Amino acid sequence: IKLCYQNVQSLQAHHGDISTDPTFLQSDIICLVETWTFPEECYILQDFRLLSRLDCYNNESEERCRNKRGIKVYIKHCALPHAEYLFGIEKMHKNQQHTYVLQIIAFRFKQYFCIVLYRSPLFPEALFRNTLLGALSKLQNEHEVELGKVIIIGDFNICRKTLIRSNIEDIMEENGFQSLLEKTLSTTKYGTQIDWAFSNVNLENSVVKIYKTIYSHHDALLLAMNAQ
């Protein structure tokens, strides 16, 4: 199984780069965050089908603008029988001046269950923790997920390289998840590791590589796992 993930910082601006990139197109799954897309917009990737999406404008109560959010999950056509969308979550936190968001999409691919997420930088960490734990509980209770077969990947907007350890990482480890990335690695042009990849799968069965692109401040993550 090959999964390619990236914070693309506008799919509208970088669709041409992604749609012609052999590394992306050789994947079974493409997960993009910060797509900045509207619901009516359609961005096709050859030989792929859109499995699910969350946009930067999802209900009539919101101001219509290209906010820095959005998720899209694409599955290769030939692999569609192995994929199933499970659920999506969107949480908002507003103060007097700004709105911060947490978006989550959960899906199944073969024997693995995947959560891809985007968290705004100032979205409250406690609400993030509770929502993420709720998503894991939903997988286990409603979809009978087997232990040891969950992947969580996304832009957490928390740097793992800082000296102060986040309690989000503590929560991950308490629930049996380990990082697929060494803590010394960077996932952005600024030398930070704010894009996380965690799993409770045996690490010997998975490999993650960082793939640098020129169009986003975020590098792509290439995840390969053995499918049994």
Side-chain angles (χ1 to χ4, degrees), residues 5-15 31-43 50-73 85-107 114-142 150-162 164-172 174-175 177 187-190 192-198 216-218 221:
Y5 154 87
Q6 189 177 28
N7 179 325
V8 294
Q9 296 184 310
S10 176
L11 185 55
Q12 180 191 44
H14 305 305
H15 176 254
C31 299
L32 307 175
V33 304
E34 267 203 63
T35 56
W36 305 6
T37 52
F38 292 141
E40 70 275 11
E41 294 177 332
C42 179
Y43 294 96
L50 183 66
L51 181 70
S52 185
R53 67 189 290 170
L54 287 169
D55 295 287
C56 61
Y57 170 80
N58 289 309
N59 61 70
E60 295 300 324
S61 66
E62 288 188 85
E63 180 183 356
R64 185 177 171 86
C65 61
R66 291 196 185 276
N67 296 306
K68 294 181 179 180
R69 61 175 111 147
I71 301 175
K72 280 186 169 55
V73 176
Y85 166 74
L86 300 178
F87 59 85
I89 297 172
E90 183 171 63
K91 295 283 189 179
M92 300 284 188
H93 176 77
K94 297 183 180 181
N95 61 21
Q96 293 181 344
Q97 296 179 319
H98 301 287
T99 299
Y100 306 106
V101 68
L102 171 65
Q103 294 178 316
I104 292 174
I105 287 177
F107 63 97
C114 303
I115 289 176
V116 56
L117 66 85
Y118 172 75
R119 169 187 176 258
S120 297
L122 296 178
F123 187 87
E125 195 166 301
L127 181 56
F128 178 30
R129 180 190 66 240
N130 293 339
T131 305
L132 184 56
L133 288 174
L136 289 171
S137 178
K138 188 178 179 72
L139 278 181
Q140 293 172 347
N141 296 332
E142 296 183 17
V150 181
I151 301 157
I152 302 175
I153 194 165
D155 185 349
F156 284 59
N157 268 305
I158 300 170
C159 182
R160 291 188 65 237
K161 295 174 69 175
T162 60
I164 301 174
R165 181 182 170 94
S166 167
N167 68 356
I168 298 296
E169 189 165 356
D170 292 334
I171 291 292
M172 300 287 275
E174 288 169 9
N175 283 271
F177 288 85
T187 63
T188 71
K189 304 288 192 291
Y190 305 111
T192 58
Q193 188 185 131
I194 59 176
D195 300 281
W196 292 16
F198 274 74
S216 174
H217 290 146
H218 295 252
L221 303 182

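Keep in mind that this is a model prediction, so the values were computed, not measured. For the single chain, residues carry numbers from 1 onward in sequence order.
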Problem - Q103 side chain to D55 backbone, donor-acceptor under 3.5 Å - result: yes

Handout entry: Y85 side chain to G88 backbone, donor-acceptor under 3.5 Å
Key = yes

Exercise for the section: Look at the side chain of S137 and the backbone N and O of L133, then say whether any donor-acceptor pair between them is shorter than 3.5 Å. Expected result: no

Practice task
Can you spot which of I89, L86, I152 makes a side-chain contact (heavy atoms from CB on, under 4.5 Å) with I115?
Solution key: I152

Completion exercise
Value for OG1 (T99) from NE2 (H93), rounded to nearest 0.5 Å, stands at 9.5 Å

Problem - Sidechain-backbone polar pair: E41 side chain, F38 backbone, donor-acceptor under 3.5 Å - result: yes

Exercise for the section: Check whether any side-chain heavy atom of V8 lies under 4.5 Å from a side-chain heavy atom of V33, and answer yes or no. Expected result: no

Practice task
Would you give the length of the straight line joining atom NZ of K138 to atom OG1 of T131, rounded to the nearest 0.5 angstrom?
Solution key: 12.5 Å

Exercise for the section: Tell me, with the steps shown, if L136 and F177 meet side-chain contact (heavy atoms from CB on, under 4.5 Å). Expected result: CA-CA 11 Å; L136 289 171; F177 288 85; 3.9 Å; yes

Problem - From NE2 (H218) to CD (E34), nearest 0.5 Å - result: 5.5 Å

Exercise for the section: Could you check F123 against M92 for side-chain contact (heavy atoms from CB on, under 4.5 Å), going step by step and ending with a plain yes or no? Expected result: CA-CA 8 Å; F123 187 87; M92 300 284 188; over 6 Å; no

Handout entry: Distance-only side-chain donor-acceptor flag, S216 / Q9, under 3.5 Å
Key = yes

Exercise for the section: Check for a donor-acceptor pair, side chain of W196 on one end and backbone N or O of I158 on the other, with a separation under 3.5 Å. Expected result: yes

Handout entry: Distance flag, aromatic centroids of F128 and F156, threshold under 6.0 Å
Key = yes

Practice task
Find out whether V101 and E90 are in side-chain contact, i.e. whether some heavy atom of one side chain is under 4.5 Å from a heavy atom of the other.
Solution key: yes

Problem - Test salt bridge (Lys or Arg N to Asp or Glu O under 4.0 Å) applied to E174 - qualifying residues, sequence neighbours left out - result: none

Problem - Polar contact flag, side-chain donor to acceptor under 3.5 angstrom, T37-K72 - result: yes

Problem - Backbone N/O of L122 and side chain of S120: donor-acceptor pair under 3.5 Å - result: no

Exercise for the section: Taking the side chain as every heavy atom from C-beta outward, state whether F107 and C31 have any atom pair closer than 4.5 Å. Expected result: yes

Handout entry: Side chain proximity check, Y118 to T35, heavy atoms < 4.5 angstrom
Key = no

Practice task
Using a strict 4.0 Å threshold on nitrogen-to-oxygen distance, state whether R160 and E169 make a salt bridge.
Solution key: yes

Handout entry: Side-chain touch W36/R69, heavy atoms, less than 4.5 angstrom
Key = no

Exercise for the section: Under the side-chain contact (heavy atoms from CB on, under 4.5 Å) rule, what do I153 and L117 come out as? Steps first, then yes or no, please. Expected result: CA-CA 7 Å; I153 194 165; L117 66 85; over 6 Å; no

Practice task
Determine whether Q12 and Y43 make a side-chain contact, defined as any pair of heavy atoms from C-beta on separated by less than 4.5 Å.
Solution key: yes

Exercise for the section: To the nearest 0.5 Å, tell me how far C159 SG sits from N157 CG. Expected result: 10.5 Å

Exercise for the section: Please check if the side chain of N167 supplies one atom and the backbone of D170 the other of a donor-acceptor pair under 3.5 Å. Expected result: no

Exercise for the section: Take L32 and Y5 through the side-chain contact (heavy atoms from CB on, under 4.5 Å) test and state the conclusion after the steps. Expected result: CA-CA 6 Å; L32 307 175; Y5 154 87; over 6 Å; no

Exercise for the section: Find out whether V116 and I104 are in side-chain contact, i.e. whether some heavy atom of one side chain is under 4.5 Å from a heavy atom of the other. Expected result: no

Practice task
Measure from NZ or CZ of K94 to the centre of the six-membered ring of Y100, then state whether that distance is under 6.0 Å and the direction lies within 45° of the axis.
Solution key: no

Completion exercise
Rounding to 0.5 Å, atoms CD1 (I151) and SG (C114) come to a distance of 4.0 Å

Problem - Under 3.5 Å donor-acceptor, D155 side chain and N7 backbone - result: no

Problem - Straight-line distance of R165 CZ to I168 CD1, nearest 0.5 Å - result: 11.5 Å

Handout entry: Main-chain N/O of D195 paired with T187 side-chain donor or acceptor, under 3.5 Å
Key = yes

Practice task
Would you check if L50 and V73 make a side-chain contact, meaning some heavy-atom pair closer than 4.5 Å?
Solution key: no

